Amino acid sequence: MNEIKPPAVTMIVSHLAPVFGMERVALNVLLLLRKSYDVDVVCVGGGAEDVAVSPGVRLLGKPLRGLGRFRSLWRMYRLARTLETETVILVGAWVAVPWLLVNGVSRWRTVVWEHSMMKTRIRHSQQLRALALAAQFLYRSAHKVVTVSRPLQRDMQSLCKQASIVTIPNPIGFPNDAGVPGRSEMIPADGFPAARTIRLLSVGSLTKVKAQHLIVRALSFLDDSFELVFIGTGPMKEELSRLADELGVSSRVIFDGYLSPDEVAIRMSDADLLIHSSVVETFGLVYVEAANAGLPVISTRNPLAEELIPAYVPGWVCEPDPESLALEIALRVREVLHVLVIQRADALRRSEFSSDKVLALWASIIQPPPIPLASKC
């Protein structure tokens with residue numbers, strides 16, 4: 001039997017730790033691609049934590065922050081001089097822009113994997129605006145630009161008009177083959193007891209773009225039976241805590257900090273509603289994870305929420321102001337979702353986000369893995 005070596009792929013990331021949404025997605029796709037390809041992963045800057053989450057990762061130097069990111073240009077130039085691979089996957093703009101600036105694409109099949117450049121996100125970030133300005137010229141030289149959702153693809157097509165852009169969603173694990181329980185199976189026939197505490201859950205980094213202040217303000221319009229739990233860390237924690245104090249709801253607001261994906265799944269199974277107030281999302285991992293846990297979602301309006309809810313994710317979309325959010329919560333918290341709504345959304349998620357579907361899409365832009373042929377030994 002002749003052994004055929006799979007195509008070589010190098011995935012270049014800025015870092016892998018700490019493992020938040022984008023890092024977790026990169027690790028998931030890395031494991032998925034390794035089923036069919038010989039994949040190496042390179043961190044432009046990292047340390048022991050990065051090695052711990054992905055043993056065998058190649059580190060080009062210490063972590064880079066702020067203006068120190070300019071040092072990535074020299075690191076990537078040196079890497080390219082010794083890189084032996086067939087395909088290079090550049091994960092995110094902080095990798096893709098400097099790589100294309102100093103190395104171009106001529107020696108490899110170069111794929112930019114873009115996660116961030118939604119128009120709204122660009123408007124909220126001076127650094128991202130600078131990267132977007134460079135990307136509109138550099139990305140058109142890549143063989144493909146991969147976006148993680150159709151709304152992101154539309155924004156990228158308006159930014160990089162000459163680039164070849166496709167959408168490949170992130171792979172999503174599913175809890176079991178039979179589907180997940182819906183609230184129609186969890187809510188008592190006679191409704192909730194009057195004194196029952198209603199748990200509202202918010203999952204995500206505590207940042208301005210996530211706009212969690214809307215949820216705290218909405219809580220102030222709801223009675224004392226509602227409790228709000230934040231999962232995640234970030235620079236807005238103190239401000240959100242002060243706001244809760246000012247509004248007199250601090251006793252009903254809990255900050256649980258960063259939790260592992262397994263711990264988040266457990267909290268989702270115990271909650272009544274996921275409340276998401278982000279100004280912009282590029283893939284909406286938290287929406288899909290809530291749906292997989294049988295937890296309905298209320299999201300303030302953004303293009304990705306309108307793409308996923310309710311077709312893929314059972315739930316509702318409302319206007320991005322505290323009054324509208326509070327009204328939607330009060331209206332929906334006791335609503336029983338029809339089992340057909342849950343089943344249809346579950347079927348769509350399994351069709352679009354399954355590992356087999358995602359791997360096939362990646363293979364179509366890298367190159368199909370070889371099929372070993374039987375021969376005499």
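No experiment lies behind these values; they were computed from the predicted model shown.
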Side-chain donor/acceptor of Ser54 to backbone N/O of Val51, under 3.5 Å = no
Going through the distances and angles, do Leu33 and Ile89 end up as a side-chain contact (heavy atoms from CB on, under 4.5 Å)?
-> CA-CA 11 Å; Leu33 291 179; Ile89 300 176; 3.8 Å; yes
Just checking, any donor-acceptor pair under 3.5 angstrom between side chains of Ser72 and Arg69?
-> no
In this structure, CG of Asn292 is separated from OG of Ser269 (nearest 0.5 Å) by 12.5 Å
Which atoms form the tightest heavy-atom contact between Thr85 and Ala8, and what is the distance?
-> OG1-O, 3.2 Å
Report yes if the side chains of Asp38 and Val9 come closer than 4.5 Å at any heavy-atom pair, otherwise no.
-> no
Do the side chains of Tyr287 and Val203 get nearer than 4.5 Å, heavy atoms only?
-> no
dist Phe353:CZ -> Tyr312:OH (nearest 0.5 Å) comes out at 6.0 Å
Are side-chain heavy atoms of Met117 and Leu131 found at a separation under 4.5 Å?
-> yes
Within a radius of less than 6.0 Å around NZ of Lys62, do more than 12 heavy atoms belonging to other residues, nucleotides or ligands occur?
-> no
Is it the case that Thr167 and Thr147 place a side-chain donor and acceptor less than 3.5 Å from each other?
-> yes
So, does Ser324 use its side chain to make a donor-acceptor pair with the main chain of Asp321 at under 3.5 Å?
-> no
Cluster check Leu359, Val166: I/L/V/M/F/W/Y, side chain < 4.5 angstrom | yes
Taking the inter-plane angle between the rings of Trp113 and His115 on a 0 to 90° scale, is it parallel (under 30°), tilted (30 to 60°) or perpendicular (over 60°)?
-> tilted
Check: Gly234 main-chain N/O paired with Ser205 side-chain donor or acceptor under 3.5 Å | no
Tell me, do Val286 and His276 make a side-chain contact under 4.5 Å, heavy atoms counted?
-> yes
Please assess Arg301 against Glu319 for the test salt bridge (Lys or Arg N to Asp or Glu O under 4.0 Å), listing each intermediate value before the final yes or no.
-> CA-CA 6 Å; Arg301 194 173 302 282; Glu319 296 306 314; 2.9 Å; yes
Sub-3.5 Å donor-acceptor pair from the side chain of Ser277 to the main-chain atoms of Lys210, do we have one?
-> yes
Any donor and acceptor pair, going by atom type alone, linking the side chain of Arg217 with main-chain N or O of Pro322 inside 3.5 Å?
-> no
Same cluster (ILVMFWY, side-chain, under 4.5 Å), Ile329 and Leu243 | yes
When you look at Trp108 and Trp99, which way does the ring pair (Phe, Tyr, Trp, His ring centres under 6.0 Å) test go after all the steps?
-> CA-CA 12 Å; Trp108 315 274; Trp99 176 273; 5.4 Å; yes
Stepwise, does the side-chain contact (heavy atoms from CB on, under 4.5 Å) test hold for Met11 with Val91?
-> CA-CA 7 Å; Met11 179 182 289; Val91 182; 3.5 Å; yes
Taking a hydrophobic cluster as the set of Ile, Leu, Val, Met, Phe, Trp and Tyr residues connected by side-chain heavy atoms closer than 4.5 Å, whether directly or through intermediates, do Val317 and Leu308 fall within one such cluster?
-> yes
Under 3.5 Å, side chain of Ser125 to main-chain N/O of Ile122, donor-acceptor pair present?
-> no
State yes or no: are the ring centers of Phe20 and Tyr258 separated by less than 6.0 Å?
-> yes
Thinking salt bridges, do Glu114 and Lys144 make one under a 4.0 Å N-O criterion?
-> no
Between the main-chain N or O of Val229 and the side-chain N or O of Arg199, is there a donor-acceptor pair closer than 3.5 Å?
-> no
May I have all residue pairs that pass salt bridge (charged side-chain N to carboxylate O under 4.0 Å, His left out) and include part of residues 221-248, sequence neighbours excluded?
-> Asp224-Arg252
Using a 4.5 Å cut-off on heavy atoms from C-beta on, say whether the side chain of Val97 contacts that of Tyr139.
-> yes
Do any N or O atoms from the side chain of Ser14 and from the backbone of Val95 form a donor-acceptor pair under 3.5 angstrom?
-> no
At their closest point, which heavy atom of Val279 faces which heavy atom of Asn302, and how far apart are they?
-> O-CB, 3.5 Å
NE2 of His338 to CD of Gln343, rounded to nearest 0.5 Å, is 9.0 Å
Give the intermediate values and the outcome of ring pair (Phe, Tyr, Trp, His ring centres under 6.0 Å) for residues Phe226 and Phe221.
-> CA-CA 10 Å; Phe226 290 85; Phe221 292 105; over 10 Å; no
Looking only at heavy atoms, what is the nearest atom pair of Ile198 and Arg334, with distance?
-> CD1-NH2, 4.2 Å
Polar side chain donor-acceptor pair, Ser158 to Asp155, under 3.5 angstrom | no
Of Val88, Val44, Asn103, Leu60, which is the lone residue that meets side-chain contact (heavy atoms from CB on, under 4.5 Å) with Leu79?
-> Leu60
Distance-minimising heavy-atom pair for Phe255 and Leu206 | CD2-CD1, 4.2 Å
Over all heavy atoms of both residues, which pair between Thr110 and Gly104 is shortest? Give the atoms and the distance, please.
-> OG1-O, 4.5 Å
Smallest heavy-atom separation, Ile342 atom then Pro314 atom, equals CA-CG, 4.2 Å
Check the pair His15, Glu49 against side chain to side chain donor-acceptor pair (under 3.5 Å), reporting the backbone distance first and the verdict last.
-> CA-CA 10 Å; His15 62 278; Glu49 291 183 346; over 6 Å; no
When rounded to the nearest 0.5 Å, the distance separating OG of Ser355 from CG of Asn170 is 11.0 Å
Is any side-chain heavy atom of Ile168 less than 4.5 Å from a side-chain heavy atom of Trp362?
-> yes
Leu27 CG to Leu32 CG distance, which is reported to the nearest 0.5 Å = 12.5 Å
Passes salt bridge (Lys or Arg N to Asp or Glu O under 4.0 Å), Arg107 versus Glu86? Steps please.
-> CA-CA 8 Å; Arg107 292 177 52 199; Glu86 297 169 48; over 6 Å; no
If we only count heavy atoms from C-beta on, is the Leu228 to Val216 side-chain gap below 4.5 Å?
-> yes
Using atom types as modelled and distance alone, determine if a side-chain donor or acceptor of Arg140 lies under 3.5 Å from a backbone N or O of Gln136.
-> no
Determine whether Leu327 and Leu200 fall in the same hydrophobic cluster, where Ile, Leu, Val, Met, Phe, Trp and Tyr are linked whenever their side-chain heavy atoms lie under 4.5 Å apart.
-> no
Mark yes or no for whether Gln153, through its side chain, and Ile165, through its backbone, hold a donor-acceptor pair below 3.5 Å.
-> yes
What's the spacing between Leu240 CG and Ser202 OG if we round to 0.5 Å?
-> 9.0 Å
Pair Arg332-Leu337, side-chain contact (heavy atoms from CB on, under 4.5 Å): steps then yes or no | CA-CA 9 Å; Arg332 304 299 186 182; Leu337 287 170; over 6 Å; no
Side chain to side chain, Val112 and Val146, heavy atoms closer than 4.5 Å = no
From CA spacing to verdict: side-chain contact (heavy atoms from CB on, under 4.5 Å), Thr10, Val39 | CA-CA 6 Å; Thr10 299; Val39 187; over 6 Å; no
Decide whether Trp94 and Val102 are clustered together by the hydrophobic rule: side chain heavy atoms of Ile, Leu, Val, Met, Phe, Trp, Tyr closer than 4.5 Å, transitively.
-> yes
